[in-house]
Amino acid sequence: MSDAPDRDVAVVGCGPAGCAAAVFAARDGLDVAVFDRGRSSLARCAHLENYPGFPAGIDVGTLSDLMRAQAERAGCAVVDDLVESVERAGGDDGGPDGRPETDEPLFVVTPQEGEPATARRVVAATRYDGEYLRGLDDDEAMFAIHDHGDETHEHFDRGYADRDGTTPVDGLYVASPSEADRQAITAAGRGARVGKRVVADARIDDGWWPEAAERVDWVRREAELDDEWADRDRWVEWFDAAHADGPVDPDSDRFARVREAAVDDARSSYVGADDEAARAEAGHRALAARLNPDAIVDAHDPDALLDAMDDETIAAHAAGDVSTVNNRSNASGSDPPTDGGDR
C-alpha cells in the first residue's frame, strides 16, 4: 500500500449532510471523494417545502442535482458507487492499535464495483444501517440493541458521535444518522459542522494549533476593508496579538508558517466588485441550467427574455437555424472553471 492516501477525505453519502461536509472540506483545499449510491433518504420525499431559499419549495431531483454540482464545482470527485466497507489501513504494521502514522492513510474504503481507495479521514453521511463501519470499533460502542416485541434489533447508535461528528475512532466522523437530522436543512447543518471539524483537524495535523485552526468559510466585499486593513502588515499584527499567549512560540518557524497561511486565507475571502458580479452571474447560470425552460418563460415577461437574448440568436431561431442557436447558447451558458478552495 502506498504511504500516501488516495484522498484526504472520503465522504460516504451524497445527501444534504454528505454534500455539505464535502463542500466545506474541499473548499479548504482537501482532496475529497464523495461516494453516491444514488439512493439518499432524501429521495423518498415528494417535495421539500421548508428548505430556505425556495419560496415555493423544491423538488428532490433538482435539489439533489444542485448539491452534487456544487460538490463537483468545489473540487470533489463524486463516485457513483455504494460503499460496502470501511476498514483500518496498516493492520499490524501501523502505529498504536494498528493505526498508521498521521501522514499515512487510516482507512481503506471499498465500494461495491470500483477499486478500493485509501483515505486519511472518512465522513459517514448515510442514514442506512452503518454495517459498512462494522469492525472499526467495538460493536457494543458503535451499535445499539433494542427489543421490538419478541424480536431483537441492532442498529447504528445515533448517539455514537459527538455534536461535531468526531468519534472514538481517529479520523472517523459521523454526519448521519442522528436524532437531529430528520429534516434536510438540519442534516445539511450537521454536515457543515462536521466539514468544519474535518478542516480544523487537518490543519492541526499540519502544525496549526486549535485556536488558529478554526475558520469561517465566507466571501466578503473588498470595499468593506478600510485603508488600515487593506495593508497586509495590519493582518500580521492582528494575528500576532490574537495568538501571543497561545501554545506555540511566536518566534518559531512553525508560528511564522501558520501565520502566513492564516493571513493569506483571511485576505483571500474578500473579493472586488467585478469578482462579486461574476460569481453572482455564475450562480444564476448554474441554477437556471437546471430549471424547466417553460417555468423560466412563465416567470418572466417575454420582452425581458427577448431583451436578454442577442439579436443574432433571435434571428437564427426565427430562420430555423438550430445549429447556430445551439452553438451560441452553449457558448454563453458554459460554466466557468471550478473555483477549488477559493471562497
Side-chain angles (χ1 to χ4, degrees), residues 4-5 7-9 20-32 74-75 95-96 99-104 106 119-123 161-175 189-272 275-276 339-343:
R7 304 287 180 179
D8 295 322
V9 184
V23 167
F24 271 79
R27 281 171 53 81
D28 199 62
L30 296 178
D31 186 350
V32 181
R99 292 184 287 109
E101 298 300 325
T102 299
D103 58 349
E104 296 180 0
L106 288 185
R120 175 65 185 85
R121 292 177 170 82
V122 168
V123 176
D162 291 338
R163 184 173 182 272
D164 62 0
T166 54
T167 71
V169 178
D170 182 27
L172 175 66
Y173 305 78
V174 175
R190 179 176 174 86
R193 187 163 57 244
V194 173
K196 289 177 62 178
R197 182 70 259 163
V198 168
V199 168
D201 288 348
R203 289 183 166 197
I204 290 170
D205 280 354
D206 193 39
W208 297 52
W209 51 99
E211 295 80 7
E214 298 291 340
R215 68 181 296 271
V216 177
D217 186 356
W218 58 11
V219 180
R220 302 187 67 175
R221 293 184 177 90
E222 196 174 60
E224 294 180 3
L225 295 174
D226 57 25
D227 291 340
E228 177 187 5
W229 287 97
D231 186 354
R232 181 184 178 84
D233 290 341
R234 180 65 185 91
W235 288 90
V236 172
E237 292 173 2
W238 160 78
F239 186 91
D240 288 348
H243 300 284
D245 298 326
V248 176
D249 181 1
D251 294 325
S252 66
D253 291 341
R254 177 186 174 191
F255 189 95
R257 180 175 65 84
V258 172
R259 177 179 60 199
E260 181 80 5
V263 169
D264 285 345
D265 181 60
R267 285 167 56 85
S268 69
S269 66
Y270 290 84
V271 300
D275 193 357
E276 180 184 352
D339 57 6
D342 292 343
R343 287 158 297 285

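Here, residue 1 is the first one in the sequence, and each next residue gets the next number.
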A.B. asks: In terms of the angle between their ring planes, are Phe255 and Trp209 parallel, tilted or perpendicular, with boundaries placed at 30° and 60°?
C.D. replies: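 The arrangement is parallel - the two ring planes meet at less than 30°.
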A.B. asks: From Arg232 CZ over to Arg267 CZ, what is the distance, rounded to the nearest 0.5 angstrom?
C.D. replies: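 Answer for the CZ-CZ pair, Arg232 versus Arg267, is 6.0 Å.
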A.B. asks: Nearest heavy-atom pair of Ala192 and Ala20: which atoms, and what distance?
C.D. replies: N-CB, 3.6 Å
A.B. asks: Taking Asp227's backbone N and O only, do any of them form a donor-acceptor pair with Arg234's side chain (distance below 3.5 Å, no angle check)?
C.D. replies: no
A.B. asks: Which pair of heavy atoms, one from Ala175 and one from Val123, lies closest together, and at what distance?
C.D. replies: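 Shortest heavy-atom separation between Ala175 and Val123 comes out as CB-CG1, 4.0 Å.
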A.B. asks: Taking C-beta and beyond as the side chain, do Thr166 and Tyr173 meet within less than 4.5 Å on heavy atoms?
C.D. replies: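 SC-SC contact between Thr166 and Tyr173 confirmed.
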A.B. asks: Using a 4.5 Å cut-off on heavy atoms from C-beta on, say whether the side chain of Val258 contacts that of Val248.
C.D. replies: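 Contact flag for Val248/Val258 side chains = no.
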A.B. asks: From Glu214 CD over to Ile204 CD1, what is the distance, rounded to the nearest 0.5 angstrom?
C.D. replies: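 Here the rounded value is 7.0 Å.
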A.B. asks: How far apart are the closest heavy atoms of Ala213 and Trp208, and which atoms are they?
C.D. replies: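 That would be CA-CE3, 3.8 Å.
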A.B. asks: Return the CG to CH2 distance between Asp265 and Trp235, rounded to the nearest 0.5 Å.
C.D. replies: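 Interatomic distance, Asp265 CG to Trp235 CH2, rounded to 0.5 Å: 10.0 Å.
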A.B. asks: Is there a side-chain contact between Leu106 and Asp170, using heavy atoms and a 4.5 Å cut-off?
C.D. replies: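 They are in contact (side-chain heavy atoms under 4.5 Å apart), so the answer is yes.
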A.B. asks: State plainly whether the residues Arg120 and Asp201 are in salt-bridge range, i.e. N to O under 4.0 Å.
C.D. replies: no
A.B. asks: When you look at CG of Asp226, are more than 12 heavy atoms from neighbouring residues, nucleotides or ligands closer to it than 6.0 Å?
C.D. replies: yes
A.B. asks: Look only at the side chain of Asp162 and the backbone of Asp164, and say whether a donor-acceptor pair between them is shorter than 3.5 Å.
C.D. replies: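 Checked: no pair found.
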A.B. asks: Side chains of Leu30 and Arg121: does their closest heavy-atom pair fall under 4.5 Å?
C.D. replies: no
A.B. asks: Considering all heavy atoms of both residues, which atom of Ala161 and which atom of Arg190 are nearest to each other, and what is their separation?
C.D. replies: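 It is CB-NH2, 3.9 Å.
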A.B. asks: Should we count CZ of Arg221 as having more than 12 external heavy atoms under 6.0 Å?
C.D. replies: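 No, not enclosed.
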A.B. asks: Nearest 0.5 Å, please: how far is OG in Ser269 from CD in Glu222?
C.D. replies: 10.5 Å
A.B. asks: Any idea which heavy atoms bring Ala74 and Ala26 closest together, and the distance?
C.D. replies: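 Taking Ala74 first and Ala26 second, the nearest heavy atoms are O-CB, 3.6 Å.
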A.B. asks: Taking all atoms of both residues into account, what is the closest heavy-atom pair of Lys196 and Phe24, and its distance?
C.D. replies: CG-CD2, 3.6 Å
A.B. asks: Are side-chain heavy atoms of Arg259 and His243 found at a separation under 4.5 Å?
C.D. replies: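 In short, these two side chains do not touch, never coming nearer than 4.5 Å.
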